[in-house]
Amino acid sequence: MTESNIEYTRRNSRRVWRCIVWMLVMVIMMTVPVDVDGARKKRSTKAKTTATTKKKSTSTRKKSSSTTTKKRAAGRKATSSRRRTKSSSSVPTTGGSNWKLHATDVNPGSKSPATKPKKSSKRQVTVVRPDLEAIRVATLDPSNPMYFPKLMKKFNRNDTTMTAEEFRHLYLGYMFQEDYDPYRESPYASVTDSYRNKTSHTKEEIDTIRKYAELTLQDNPFDLRQMSFLVHVLKERRKDMSAKIWEYRLEHLLGAIKSTGTGENEENAWFVIYPAHEYDMVQLMGYHAVDADFIEPGYDYLVVEPEEETLKRLRDKVQKGFYFDVRQIHEQYELKHPEDADDEEAVEETTTVVEEEDPDDIPAEEEDPDDIPAEEEDPDDIPAEE
């Protein structure tokens, strides 16, 4: 065979073998079934493994974050405990009740009961003189977003989206509600008075305080004194979440009062819905009341003395007193108790003033001749008879 024929035979042999191999491959693919479900399961198992790994990683990060949060909470708790111990002093002007409010315990700028701002954050309240007539109309209108029952519902469910304006309408709008009475006292309020002078309480005492404080707040949701005392005992009992909820409410209600003015004069007087809140605001500013005076047409003026810390902080800028606008309180009381107003007017009408007469203006009384004694004659003056 020639060399060219040999090369031709080799090429043909290679082509034949290639064809044979491809035919075998095709036969194998057609006869051997492909396990598609198995392949899917393998891919699914791989995906689950990846997801589990990610979940474990996320869980690890959450645990680390939770540990950090607990450490911060412990630090805040220790700070709160020191603050509470430092600020526990008597307030004789509140009828024997010595639990008081402090500026360090109030933060109207906080946005959630579960969080607390950093120490560097400043507590600022925008001061705007309230339009009481507009508030009255809004809180009595069911179609208005500021309708009082709507705001009260949000307040009771601890809605942290409530704005400062909503808290102002909630607080001041209560004066125009049917069950408002500025001088009403809850029958449960006095039960907690005997426990206020104690620096610590037993479990049974805390349970009693909590029960009657909450009953008082159901009767009067704006009893700031009971609210403050409830926060105190809840922290003492380590009921931190409940304490933060009530503290959140207290902070924003006090912020609502503070936003109505500065208290420096009649034009910038604070608006309150209960006279007791006057003392709460004074304590909040770092003072204690020593005297009170009423100024027409309807302002209460509390004469105050600064606490030691306030005196050191303000020095020669301390206030001598604070003004409170109570005209609406008196107006609402007269509307709901007209019989008392009528009694006062009746007393004024029946009261007469007896004027003292000047002795020189009293006319001399004429003497009765019969009362004038006869004068005795001198014997020498009697003429002798002839």
Side-chain angles (χ1 to χ4, degrees), residues 94 101 106 108 125-156 162-186 189 216-228 249-263 266-282 284 292 294-302 322-342 344:
T94 55
L101 304 168
V106 178
V125 176
T126 302
V127 176
V128 179
R129 189 173 181 83
D131 184 345
L132 294 182
E133 178 57 23
I135 291 175
R136 184 190 69 81
V137 173
T139 54
L140 295 177
D141 182 5
S143 63
N144 196 296
M146 297 295 177
Y147 183 47
F148 185 82
K150 293 180 182 178
L151 296 178
M152 199 68 209
K153 188 176 181 180
K154 293 178 71 173
F155 178 76
N156 287 329
M162 285 186 70
T163 64
E165 193 61 28
E166 286 179 319
F167 271 100
R168 276 165 60 94
H169 277 73
L170 175 71
Y171 178 78
L172 297 172
Y174 186 52
M175 288 189 291
F176 308 107
Q177 306 308 308
E178 186 177 354
D179 64 336
Y180 169 73
D181 187 338
Y183 301 105
R184 184 184 63 193
E185 293 184 2
S186 172
T216 302
L217 289 166
Q218 288 176 12
D219 186 44
N220 176 10
F222 302 105
D223 191 328
L224 303 183
R225 183 82 23 163
Q226 290 289 335
M227 203 175 293
S228 176
R249 296 175 178 177
L250 176 63
E251 289 170 358
H252 286 77
L253 289 174
L254 285 167
I257 300 174
K258 197 174 181 182
S259 71
T260 61
T262 61
E266 293 180 14
E267 294 181 356
N268 296 287
W270 280 314
F271 286 74
V272 292
I273 64 175
Y274 289 105
H277 292 178
E278 299 174 6
Y279 296 91
D280 295 335
M281 283 302 298
V282 165
L284 171 65
F294 178 76
I295 301 173
E296 293 290 352
Y299 296 94
D300 281 346
Y301 178 72
L302 263 60
F322 292 99
Y323 291 84
F324 297 88
D325 192 323
V326 293
R327 288 175 293 178
Q328 192 61 233
I329 290 180
H330 293 165
E331 182 178 335
Q332 290 299 319
Y333 183 81
E334 290 174 1
L335 286 173
K336 292 171 182 176
H337 299 277
E339 69 282 357
D340 292 348
D342 294 340
E344 291 179 1

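- Contact detail for R168 and S259: the closest heavy-atom pair is NH1-OG, 2.9 Å.
- The shortest distance between side-chain heavy atoms of F271 and R129 falls below 4.5 Å.
- Scanning all heavy atoms of the two residues, the minimum distance from F155 to L253 falls at CZ-CD1, 4.1 Å.
- You'll find the side chain of D280 stays beyond 4.5 Å of the side chain of Y274, heavy atoms only.
- More than 12 heavy atoms of other residues, nucleotides or ligands lie within 6.0 Å of CD in E266, so this atom counts as buried by the packing criterion.
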From CA spacing to verdict: side-chain contact (heavy atoms from CB on, under 4.5 Å), H337, D181
CA-CA 9 Å; H337 299 277; D181 187 338; 3.1 Å; yes
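- The closest donor-acceptor contact from the side chain of Q226 to the backbone of A189 lies under 3.5 Å.
- Once rounded to the nearest 0.5 Å, the distance linking OH of Y323 with OG1 of T262 reads 11.0 Å.
- No side-chain heavy atom of F148 sits less than 4.5 Å from a side-chain heavy atom of L140.
- The structure places NZ of K154 at 7.0 Å from OG1 of T163, a figure rounded to the nearest 0.5 Å.
- A heavy-atom distance below 4.5 Å is not found between the side chains of F222 and M227.
- For K153, the NZ atom is loosely surrounded, since the number of other residues' heavy atoms within 6.0 Å does not exceed 12.
- Considering every non-hydrogen atom in both T260 and A256, the closest pair reads CG2-O, 3.4 Å.
- Between the side chain of R136 and the backbone N or O of M175, no donor-acceptor pair lies under 3.5 Å.
- From D141, atom CG reaches atom CE of M146 across 12.0 Å, with rounding to the nearest 0.5 Å.
- Nearest heavy atom pair, residue P130 against residue L172, reads CB-CD1, 3.7 Å.
- Side chains of L170 and H252 form no contact here, defined as non-hydrogen atoms less than 4.5 Å apart.
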Decide side-chain contact (heavy atoms from CB on, under 4.5 Å) for Y174 and D179; before the verdict, give the C-alpha distance in whole Å, the side-chain angles of both, and the deciding distance to 0.1 Å.
CA-CA 9 Å; Y174 186 52; D179 64 336; 3.5 Å; yes
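- At least one side-chain heavy atom of I329 sits under 4.5 Å from a side-chain heavy atom of Y183.
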Working for side-chain contact (heavy atoms from CB on, under 4.5 Å), residues V127 and N268:
CA-CA 9 Å; V127 176; N268 296 287; 5.9 Å; no
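- The minimum heavy-atom distance linking A269 with D325 is given by the pair CB-N, 3.7 Å.
- For the atom pair NE2 (H330) and CZ (F294), the distance works out to 5.0 Å, reported to the nearest 0.5 Å.
- Of the inter-residue distances, the one linking F324 atom CZ with Y301 atom OH reads 11.0 Å to the nearest 0.5 angstrom.
- Counting all heavy atoms, side chain and backbone alike, L151 lies closest to H169 at CD1-CB, 3.7 Å.
- One N or O on the side chain of R184 and one on the backbone of D219 form a donor-acceptor pair closer than 3.5 Å.
- Inter-residue side-chain proximity for T139 and Q177 is flagged as met; some heavy-atom pair is nearer than 4.5 Å.
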For V282 and W270: C-alpha separation, side-chain torsions, deciding distance, then whether side-chain contact (heavy atoms from CB on, under 4.5 Å) applies.
CA-CA 11 Å; V282 165; W270 280 314; 5.6 Å; no
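- Looking at heavy atoms from C-beta onward, L302 lies out of side-chain contact with M281 at the 4.5 angstrom threshold.
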